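What follows is a set of notes on a single structure, which appears directly below.
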Amino acid sequence: MTKELIDFDDDLNEKDLEQNGIENDLIEQAVSKILSAIGENPEREGLRLTPKRVARMYSELFGGYRVDADAMINDALFNISYDEMVLVRDIEFYSMCEHHILPFMGRAHVAYIPDGKVLGLSKIPRIVDMYARRLQVQERMTRQIADFLRDLLKPQGVAVVVEAVHLCSRMRGVKKHDARMTTSAMHGAFRANMATRQEFLDNISRGAAPLQI
Ligand SMILES: [Zn+2]
């Protein structure tokens with residue numbers, strides 16, 4: 001992870017993006033070549049600005065590479081003697097599969113049992129975003145979120161479950177029944193203690209709306 005700071009809430013101009021590692025010119029050239037290669041005319045009205053739009057969009061969709069995690073966590077770590085499960089469920093996310101550069105999207109459920117330290121709740125969706133806004137495979141993203149919280153909070157346990165739909169499966173019509181995927185990563189108490197793990201799984205399935213995309 002590079003250390004330049006990009007805050008998702010900031011308005012970024014093109015110069016900032018170039019300084020932060022997105023090479024807009026190269027992306028524009030490449031997109032233009034793809035348009036020609038599929039038999040399109042990159043100069044026609046509707047496509048003229050497409051390479052520029054894609055480059056700008058990529059800087060947002062792939063902004064996770066350039067998040068400064070320390071700055072993002074900032075002062076949201078608190079020492080507290082609370083040792084019940086903290087659970088944030090149904091965190092909506094959008095990512096891009098690294099095999100096809102097509103979206104996969106869904107929900108993440110994140111839980112931990114503190115051991116003296118808690119994190120401001122609003123930071124957990126931002127941690128999910130930091131890892132989602134990259135080229136990803138769902139299994140790795142799930143583990144990265146869990147590992148990040150384990151290393152940051154040194155909690156008694158961490159659990160992450162991610163449910164997602166992959167457009168590379170959906171759009172290409174292959175294995176449609178496999179298009180929805182669930183992955184999980186567990187550390188500490190969630191791995192060692194079946195009752196703890198079950199409490200978490202019961203919590204995230206209670207009242208859950210089916211994933212519809
Ligand atoms: Zn894919």
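Numbering of ligands and ligand atoms starts at 1, following listing order. It should be emphasised that the depicted structure is a prediction, and the values quoted were computed from it without experimental measurement.
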Checklist line | Exercise: identify the closest heavy-atom pair between V31 and P51 | finding: CG1-CA, 3.8 Å
Item checked: Option from L119, L121, I127 for which side chain to side chain contact (heavy atoms under 4.5 Å, CB included) with V88 holds -> L121
Notebook entry, point to check: Using 30° and 60° as the class limits, which term best fits the ring planes of F104 and H166: parallel, tilted or perpendicular?
Noted result: parallel
Margin query: With a sphere of 6.0 Å drawn around NZ of K154, does it hold more than 12 non-hydrogen atoms of other residues, nucleotides or ligands?
Written below: yes
Item checked: Every N, O or S from the protein that is nearer than 2.8 Å to the Zn ion (ligand 1) -> C97 SG, H100 ND1, C168 SG
Notebook entry, point to check: Ignoring hydrogens and geometry, is there a side-chain-to-backbone donor-acceptor pair from R180 to V165 under 3.5 Å?
Noted result: no
Margin query: Apply side-chain hydrogen bond (donor to acceptor under 3.5 Å, both in side chains) to residues Q138 and T183 and explain how you reach the verdict.
Written below: CA-CA 7 Å; Q138 186 179 328; T183 47; 3.1 Å; yes
